[in-house]
Amino acid sequence: MLSLLILLHTFILPNVVQVCEYNTRALITGMIDKAVTEQLDKLADAADYGSLINVTYNDDGRVTSIQSKTAVINLIRTAILDDVNERLMRGDVISTQLSVGTLSGISAFYGSGGYVEMTVEPTGYADAVFISEFSDAGINQTLHRIIMRTTVSATAFIPLYSVQTEVSGDFLIAETVIVGDIPESYTHIISVGTDPVEDLFNYS
C-alpha cells in the first residue's frame with residue numbers, strides 16, 4: 001500500500017496537476033474569449049480603434065503623438081470584467097470530463113479508461129490591464145494593437161486532489177496599421193486602476 005502511494009505521488013500526481021492546469025486554462029480562456037467577443041459586439045463603435053486611440057501627425061506625415069483615450073478604455077475594461085466575473089460567479093465554467101488514462105501520464109493510455117469529473121472554482125475576481133503594442137508591418141508602416149491581458153485565479157477539483165492555478169490570457173481589442181515614422185519597437189502599458197510601474201514590470 002505504501003509503495004502504491006509513493007508511486008502515485010512520484011509519477012502520477014505531477015501529471016494530474018499538469019492535466020488539471022491545462023484544462024482549467026482552456027475552460028477559463030474560452031469563457032473569457034466569449035465574454036470579450038460578446039461585449040465588443042455590444043459596444044460596437046465604442047470599441048473601434050479610432051475611439052480608443054488618437055494619432056497625431058505633423059505636416060511631414062510623421063507621427064507626433066499616440067494618445068490612449070483612457071475613459072473609453074476603462075468603459076470597455078469594466079464591461080468585459082463585469083461579464084467575466086458574472087460568468088465565473090454563476091458557474092458557467094464549472095466542469096469537464098478527464099479520462100483516467102490521460103491523468104495517468106502514460107501516453108499509451110491517453111483518452112482511455114473511465115472518466116473523472118473536474119470542477120473549476122474561481123478564487124477571487126478576474127482582473128485586466130490594457131497593453132498598447134507596436135510591431136513592424138512593412139515599409140513605413142506599423143501595426144498597432146490594443147490588447148487586454150486578463151488574469152483569473154482558479155482551483156480545479158478532482159477526487160482526492162485539488163490544483164490551484166492562475167490563468168492569464170491576451171485578447172485583441174482593436175488594431176490598425178499606422179502609416180508614418182514611429183519608433184521601431186515600443187510597448188506601452190495602458191494602466192487603468194492599477195499601478196503603472198507594477199504593470200510595466202509584470203509585462204513580458
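All residue numbers in this chain count up from 1 along the given sequence.
- Contact of the D82 side chain with the Q39 side chain is not registered, since no non-hydrogen atoms from C-beta on lie closer than 4.5 Å.
- A continuous path of hydrophobic side-chain contacts links I146 to V84 [ILVMFWY only; heavy atoms under 4.5 Å].
- Interatomic distance, D83 CG to L88 CG, rounded to the nearest 0.5 Å: 9.5 Å.
- Aromatic ring pairs are classed by plane angle as parallel below 30°, tilted from 30° to 60° and perpendicular above 60°; the pair F134 and H144 is parallel.
- Hydrophobic clustering (side-chain heavy atoms under 4.5 Å, transitive across Ile, Leu, Val, Met, Phe, Trp, Tyr) groups V55 together with I73.
- With hydrophobic clusters built from ILVMFWY side chains whose heavy atoms lie under 4.5 angstrom apart, L52 shares a cluster with L43.
- Under the 4.5 Å side-chain criterion, counting only non-hydrogen atoms from C-beta, F171 is in contact with T29.
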Inset, instruction - Check step by step if side chain to side chain contact (heavy atoms under 4.5 Å, CB included) holds for S168 and T150. - result: CA-CA 6 Å; S168 181; T150 305; over 6 Å; no

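- The shortest distance between side-chain heavy atoms of M31 and V152 does not fall below 4.5 Å.
- For M148 against A128, the heavy-atom pair with the smallest separation is CG-CB, 3.8 Å.
- In this structure, Q141 CD and T176 OG1 are separated by 10.0 Å, a value rounded to the nearest 0.5 Å.
- Under the 4.5 Å side-chain heavy-atom criterion for ILVMFWY residues, a single connected hydrophobic cluster contains both V116 and L27.
- Between T119 and E121, the closest side-chain pair of non-hydrogen atoms is not below 4.5 Å.
- The backbone N or O of T70 sits nowhere less than 3.5 Å from a side-chain atom of N74 that would complete a donor-acceptor pair.
- Summarising the geometry of I76 relative to L40, their closest heavy-atom pair is CG2-CD2, 4.3 Å, with the distance given to 0.1 Å.
- Across all their heavy atoms, M89 and P122 have their closest contact at CE-CG, 3.7 Å.
- Under a hydrophobic-cluster definition in which Ile, Leu, Val, Met, Phe, Trp and Tyr are linked whenever side-chain heavy atoms come within less than 4.5 Å, directly or via other members, I158 and V120 are assigned to the same cluster.
- The minimum heavy-atom distance linking R87 with E38 is given by the pair NH2-OE1, 2.6 Å.
- Looking at heavy atoms from C-beta onward, I80 lies in side-chain contact with I173 at the 4.5 angstrom threshold.
- Here the straight-line distance linking atom CZ of R145 with atom CG of L172 works out to 6.0 Å at 0.5 Å rounding.
- Minimum interatomic distance between Y49 and E175 (heavy atoms only, all atoms of both residues): CD1-C, 4.1 Å.
- Within 6.0 Å of NZ in K69 there are more than 12 heavy atoms belonging to other residues, nucleotides or ligands.
- Side-chain atoms of N85 come within 3.5 Å of backbone atoms of A126 as a donor-acceptor pair (strictly under, hydrogens ignored).
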